[in-house]
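Side chains are part of it too, since the values below use all heavy atoms of this structure and drop only hydrogens, waters and symmetry mates. Chain letters run A, B, ... following the sequence lines, proteins first and then strands; every chain starts at 1.
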Protein chains: 2
Amino acid sequence: MDPEIDLLHHIKSFEAQLEDYLPGNSIDCVILGYESQQLKVLLLKWKNDGVWTLPGGFIKKTEHLDDAAQRVLQERTGLSSVFVKQFYTFGSSVRNKNPQISKPLYHLKKMEELSPNFLKWITNRFITTGYFALVDIKRIHPRPDAFSEVCEWKSLNALPPLILDHKEIITKALDHLKTQLNYLPIGISLLPKKFTMQDLRKLYEAILGKPLERSNFQRKLLKLGILIRHEKQMTGAANKAPYLYSFSEEKYYELIKNGIGFYS
Amino acid sequence: MDPEIDLLHHIKSFEAQLEDYLPGNSIDCVILGYESQQLKVLLLKWKNDGVWTLPGGFIKKTEHLDDAAQRVLQERTGLSSVFVKQFYTFGSSVRNKNPQISKPLYHLKKMEELSPNFLKWITNRFITTGYFALVDIKRIHPRPDAFSEVCEWKSLNALPPLILDHKEIITKALDHLKTQLNYLPIGISLLPKKFTMQDLRKLYEAILGKPLERSNFQRKLLKLGILIRHEKQMTGAANKAPYLYSFSEEKYYELIKNGIGFYS
DNA sequence: TTTTATTGTGTTAATTTGACACAAAAATAC
DNA sequence: GTATTTTTGTGTCAAATTAACACAATAAAA
């Protein structure tokens with residue numbers, strides 16, 4: 001099908017349901033994953049525009065804010081039981097006036113005569129609540145939504161231009177991640193079930209943005225008593241094979257409840 | 001003036017301005033102070049009802065969410081330059097359905113025939129964003145708003161019954177206070193300009209909910225290099241007089257930027 | 001003058017941290 | 001098969017931090 005027609009179809013369909021949604025609130029999800037020793041965020045690219053956005057959505061009148069976030073997450077990643085947490089609400093009265101919106105809206109303006117209600121609705125002031133999710137990148141099959149043509153992981157070190165204040169939203173999510181480090185299920189959410197000590201250390205190094213001494217890190221983590229040691233992993237590399245570890249889930253969650261006395 | 005008439009007058013006046021406000025968002029302020037070795041929160045008591053609420057308000061269509069919070073704070077306390085921070089957004093779709101609202105609304109229902117728009121507006125679903133403020137209780141002269149007859153400090157250990165989910169909002173604010181302890185200007189905001197080491201320690205004990213060893217606490221704080229020692233305070237008690245201290249503001253803010261490696 | 005309560009600082013053992021050492025292991029090169 | 005390379009798991013040890021208790025100094029009351 002002609003993608004232009006398809007997009008219009010989706011807009012018309014959404015327009016018909018506008019009554020079901022709160023008119024001034026939205027949610028945006030900062031979905032974080034970890035791959036190739038880098039933190040990554042899941043982004044969407046708008047059709048016809050090349051501008052990137054965070055996966056987001058609107059809130060049904062009978063829906064809890066948290067459920068709207070879960071719904072968006074489920075739609076974009078197919079995952080339903082992952083770690084999601086609200087981190088901040090962005091309440092500037094001129095969020096929608098940011099010059100960066102002009103580009104995608106130029107495109108939407110073509111729809112004006114065909115879908116004036118939608119245009120009016122979407123250009124209103126929105127107060128958006130940010131949620132962040134931590135996911136195992138390997139378990140995800142990202143799917144674009146009706147308004148976007150691409151949905152993929154982008155390294156946090158090389159973000160493309162983002163719509164509106166979405167750059168700020170990501171920055172705030174990362175601040176939150178850092179200050180809440182000791183209270184979040186970082187490792188258990190971002191890594192696959194089994195991993196090496198090096199994987200875990202590199203993850204913390206990526207979040208903290210600084211190197212951690214290998215042998216001391218290992219000792220410290222083992223002492224926390226949340227790791228289960230498994231068979232060795234024969235990597236094929238010319239060196240001693242590392243053990244594989246997994247987390248003891250109960251002990252992990254017990255520990256972060258009161259905060260891991262960890263690095264900062 | 002008859003308080004009943006007065007209340008009605010205020011409602012009518014607000015009703016005339018409904019167009020200026022966002023219809024689905026509000027803010028609530030958890031204003032915390034410290035007195036008699038106890039953490040306290042500033043609450044309002046609704047006229048004619050005896051039900052307590054957090055100071056809160058609505059958001060003008062051209063107003064930043066943060067500014068709405070500052071406005072409410074200013075109106076209730078007269079203070080304009082205090083520490084305020086957003087901490088969470090409460091997005092349940094049934095917040096307004098909580099049975100505890102019935103009581104004050106029973107009262108408002110008497111206004112139904114006189115102010116149907118106001119009643120309809122206020123009983124809608126609201127997504128409310130919580131802000132917390134840390135203030136020096138001595139500098140405050142609490143003032144009730146038009147809908148309330150009392151505005152006073154209540155000890156967190158003995159809260160009266162609260163409307164809607166306001167108890168939950170306070171609990172969440174305190175959680176936030178605890179986990180963000182190392183990044184917040186606790187002492188400088190909650191204590192008067194000059195204070196004794198015991199004052200400071202008791203404050204931290206109140207927040208952490210556990211005793212801290214006196215001499216070690218003293219040493220640790222002096223070592224941080226953020227305290228300025230002043231003359232001794234002759235308390236009149238039969239014991240050695242303690243020094244008074246104040247904070248070096250620049251050093252204090254510099255320190256919390258990266259987090260005080262403190263207690264938890 | 002003695003007593004009482006609290007303060008400021010001292011002491012010391014236990015624990016944690018940071019930096020580096022080194023043998024063991026897995027694969028490759030010869 | 002043997003030597004080489006690289007990374008792992010654990011060892012060591014000095015420095016820093018923490019936790020617990022000691023004690024003299026001091027302000028006011030008895």
Query raised in the report: Which comes earlier along DNA chain C counting from the 5' end, the contact point of Ala238(A) or that of Met197(B), where each point is its nearest nucleotide?
Result: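 Its nearest nucleotide lies further toward 5', so the answer is Met197(B).
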Query raised in the report: What pair of heavy atoms forms the shortest contact from Ala206(A) to Tyr34(A), and how long is it?
Result: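 Taking every non-hydrogen atom into account, CB-CE1, 4.0 Å.
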Base [N] paired with [X] side chain (donor-acceptor, <3.5 Å):
{"X": "Arg219(A)", "N": "dG11(D)", "answer": "yes"}
{"X": "Lys240(B)", "N": "dT26(D)", "answer": "no"}
{"X": "Arg214(A)", "N": "dG9(D)", "answer": "yes"}
{"X": "Asn239(B)", "N": "dA27(D)", "answer": "no"}

What is the nucleic acid contact for [X], judged by heavy atoms within less than 4.0 Å: base, sugar-phosphate only, or nothing?
{"X": "Thr235(B)", "value": "nothing"}
{"X": "Thr196(A)", "value": "nothing"}
{"X": "Arg201(A)", "value": "nothing"}

Query raised in the report: Are OP1 or OP2 of dT6(C) and a side-chain N or O of Gln198(B) less than 4.0 angstrom apart?
Result: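 No.
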Query - Phosphate OP1/OP2 of dA25(C): any Lys232(A) side-chain N/O under 4.0 Å - result: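 Negative; the distance criterion is not met.
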Can you tell me how far [atom2] of [N] sits from [atom1] of [X], to the nearest Å?
{"X": "Glu213(B)", "N": "dT12(C)", "atom1": "CD", "atom2": "P", "value": "17 Å"}
{"X": "Leu212(B)", "N": "dA19(D)", "atom1": "CG", "atom2": "P", "value": "10 Å"}
{"X": "Met234(A)", "N": "dT6(D)", "atom1": "CE", "atom2": "P", "value": "20 Å"}
{"X": "Leu221(A)", "N": "dT16(C)", "atom1": "CG", "atom2": "P", "value": "14 Å"}
{"X": "Leu222(B)", "N": "dT17(D)", "atom1": "CG", "atom2": "C1'", "value": "16 Å"}
{"X": "Leu227(B)", "N": "dT9(C)", "atom1": "CG", "atom2": "P", "value": "12 Å"}
{"X": "Lys220(A)", "N": "dT10(D)", "atom1": "NZ", "atom2": "P", "value": "18 Å"}
{"X": "Gln218(A)", "N": "dT7(D)", "atom1": "CD", "atom2": "P", "value": "15 Å"}

Requested in this report: Please figure out whether Asn216(A) or Ala241(A) has its closest DNA chain D nucleotide nearer the 5' end.
Outcome: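 In this pair, the answer is Ala241(A).
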**Report entry** Among Asp28(B), Asn25(B), Thr89(B), side chain to side chain donor-acceptor pair (under 3.5 Å) partner for Thr128(B)
**Finding:**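 For Thr128(B), the side chain to side chain donor-acceptor pair (under 3.5 Å) test succeeds with only one of Asp28(B), Asn25(B), Thr89(B), which is Asp28(B).
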Query raised in the report: The side chain of Arg229(A) lies closest to which of these nucleotides: dG8(C), dT9(C), dG9(D)?
Result: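 That would be dG9(D).
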Determine the interplanar angle of the [X] and [Y] rings, folded into 0 to 90°, and report it as parallel if under 30°, tilted if 30 to 60°, perpendicular if over 60°.
{"X": "Phe247(A)", "Y": "Tyr252(A)", "value": "perpendicular"}
{"X": "Phe87(B)", "Y": "Phe132(B)", "value": "tilted"}
{"X": "Phe217(A)", "Y": "Tyr204(A)", "value": "tilted"}

